[in-house]
Amino acid sequence: MKLRLNYRTTSPHVFQAMMNLQKADSSSAIDPVLHELIKIRVSQINGCAFCLDMHAKDLLKLGEYQDHILLLSAWREAPIFTETERAALELAEAVTRISEKGVPDAVYEHAREYFDEKEFMELILAINTINSWNRIAISTGMFPGCFA
């Protein structure tokens, strides 16, 4: 594999803009485990190996979550996910695939059962931030270890 370009050095203003978005996302009150689950699931959907690798490792640093990582692509069938996690993952999938069906009312209402308006918007920010990172990583040919 070969990195197409290093956007960090080629376009530092783009990198800085993304870091500002990341800073806003990181300051949210979203549970850190849930935050990583969202990042991993969105990265699975988008096929971003760089972000999958990074966020799976980040989740492992938070504790014993190997089963969550292994079963995340089948979260609907895996009883280890809480109802709060399920609502957030359902929302993450809908927002990531927004061109297919939008965010159906049922998905919105399910998320709102577990998250107030502020938390809902923080979830939307988290989902959009990882989607943006995925699109940069995939477009520029990033892969695990490419910046090591």
Side-chain angles (χ1 to χ4, degrees), residues 6-8 10-144 146-147:
N6 183 339
Y7 79 98
R8 296 175 183 188
T10 305
S11 300
H13 67 288
V14 172
F15 181 64
Q16 188 57 52
M18 285 304 299
M19 292 308 293
N20 289 338
L21 184 62
Q22 184 63 51
K23 184 178 179 183
D25 178 35
S26 297
S27 69
S28 78
I30 298 173
D31 172 73
V33 171
L34 179 58
H35 211 164
E36 293 303 329
L37 289 172
I38 289 168
K39 292 174 187 179
I40 296 167
R41 183 63 189 130
V42 169
S43 298
Q44 287 175 332
I45 293 167
N46 290 328
C48 184
F50 182 87
C51 293
L52 271 169
D53 179 67
M54 176 191 304
H55 295 295
K57 289 174 181 173
D58 288 346
L59 182 57
L60 290 174
K61 290 176 190 171
L62 295 175
E64 297 293 320
Y65 293 102
Q66 295 90 331
D67 288 344
H68 285 76
I69 294 168
L70 293 171
L71 295 171
L72 190 53
S73 65
W75 63 266
R76 286 178 177 83
E77 292 80 29
I80 64 171
F81 296 94
T82 67
E83 287 305 314
T84 301
E85 290 168 341
R86 291 172 182 282
L89 291 168
E90 183 179 43
L91 180 64
E93 289 184 359
V95 172
T96 299
R97 296 177 171 139
I98 204 158
S99 67
E100 295 174 15
K101 295 185 249 177
V103 176
D105 288 341
V107 172
Y108 171 79
E109 290 162 10
H110 188 222
R112 287 302 311 281
E113 288 177 34
Y114 299 93
F115 304 99
D116 64 24
E117 288 179 349
K118 181 178 183 290
E119 293 166 331
F120 181 84
M121 288 312 303
E122 288 179 342
L123 287 173
I124 297 300
L125 177 63
I127 296 162
N128 281 294
T129 301
I130 191 60
N131 268 293
S132 293
W133 281 121
N134 287 171
R135 282 153 176 74
I136 288 171
I138 293 167
S139 299
T140 61
M142 292 168 62
F143 55 90
C146 67
F147 291 121

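Because only heavy atoms are used, hydrogens play no part in the values below, and waters and symmetry mates are left out as well, while side chains stay in.
Annotation: salt bridge (Lys or Arg N to Asp or Glu O under 4.0 Å) contacts involving residues 120-131, sequence neighbours excluded, comprise Lys118-Glu122. For residues 36-67, every residue pair satisfying the ring pair (Phe, Tyr, Trp, His ring centres under 6.0 Å) rule, not counting sequence neighbours, is listed here: Tyr65-His68.
Atom CD of Glu83 sits in a crowded spot, with more than 12 heavy atoms from other residues, nucleotides or ligands closer than 6.0 Å. Few gaps surround CD on Glu113; more than 12 heavy atoms of other groups in view lie less than 6.0 Å from it.
Remark: side-chain polar atoms of Ser11 are not paired, donor with acceptor, to backbone N or O of Tyr7 under 3.5 angstrom. Put simply, the side chain of Arg86 gets close to the backbone of Trp75: a donor and an acceptor are under 3.5 Å apart.
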In a table with atom names and distances, give each donor-acceptor pair under 3.5 Å that connects a side chain of residues 94-109 to protein atoms at least two apart or in another chain.
from	atom 1	to	atom 2	distance (Å)
Thr96	OG1	Ala92	O	2.7
Thr96	OG1	Asn131	ND2	3.0
Tyr108	OH	Arg112	NH1	2.9

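Using a 4.5 Å heavy-atom cutoff, the side chains of Phe81 and Leu71 are in contact. Within the 4.5 Å cutoff, no side-chain heavy atoms of Lys39 are placed close to those of Cys51. The side-chain heavy atoms of Arg76 and Glu93, taken from C-beta on, include a pair separated by under 4.5 Å. Looking at heavy atoms from C-beta onward, Leu72 lies out of side-chain contact with Ile69 at the 4.5 angstrom threshold. Looking at Leu91 and Ile124, their side chains come closer than 4.5 Å, going by heavy atoms from C-beta outward. At least one side-chain heavy atom of Leu60 sits under 4.5 Å from a side-chain heavy atom of Gln66. Side-chain contact between Leu125 and Leu21 is present, with at least one heavy-atom pair separated by less than 4.5 Å.
Rounding to the nearest 0.5 Å places CG of Leu62 at 6.0 Å from CD of Glu36. Here OG of Ser28 is found 12.0 Å from CE of Met121. Values are rounded to the nearest 0.5 Å. A distance of 5.5 Å separates CG in Leu37 from CG in Leu59, rounded to the nearest 0.5 Å. A distance of 7.5 Å separates CG of Asp31 from CD of Glu85, quoted to the nearest 0.5 Å. Here the CG-CG distance, from Leu34 to Leu89, works out to 7.0 Å after rounding to the nearest 0.5 Å. Here the CD1 atom belonging to Ile40 is positioned 12.5 Å from the CD1 atom belonging to Ile45, to the nearest 0.5 angstrom.
In plain terms, the two heavy atoms of Ile130 and Ser43 that are nearest each other are CG1-OG, 3.7 Å. Counting all heavy atoms, side chain and backbone alike, Ser73 lies closest to Arg41 at CA-NH1, 3.9 Å. Nearest heavy atoms, Asn134 versus Asn46: OD1-ND2, 2.8 Å. Taking each heavy atom of Ala88 and Ile38 in turn, the nearest pair found is CB-CD1, 4.2 Å.
Each of Gln16, Lys23, Gln22 was evaluated against Asn20; a single residue qualifies, Gln16, per the side chain to side chain donor-acceptor pair (under 3.5 Å) test.
Annotation: salt bridge (Lys or Arg N to Asp or Glu O under 4.0 Å) contacts of Asp53 (sequence neighbours excluded): Lys57. Taking the ring-ring contact (aromatic ring centres under 6.0 Å, His included) definition, one finds that His110 meets it with Tyr114, sequence neighbours left out. Residues passing the ring-ring contact (aromatic ring centres under 6.0 Å, His included) test with Phe115, sequence neighbours excluded: none.
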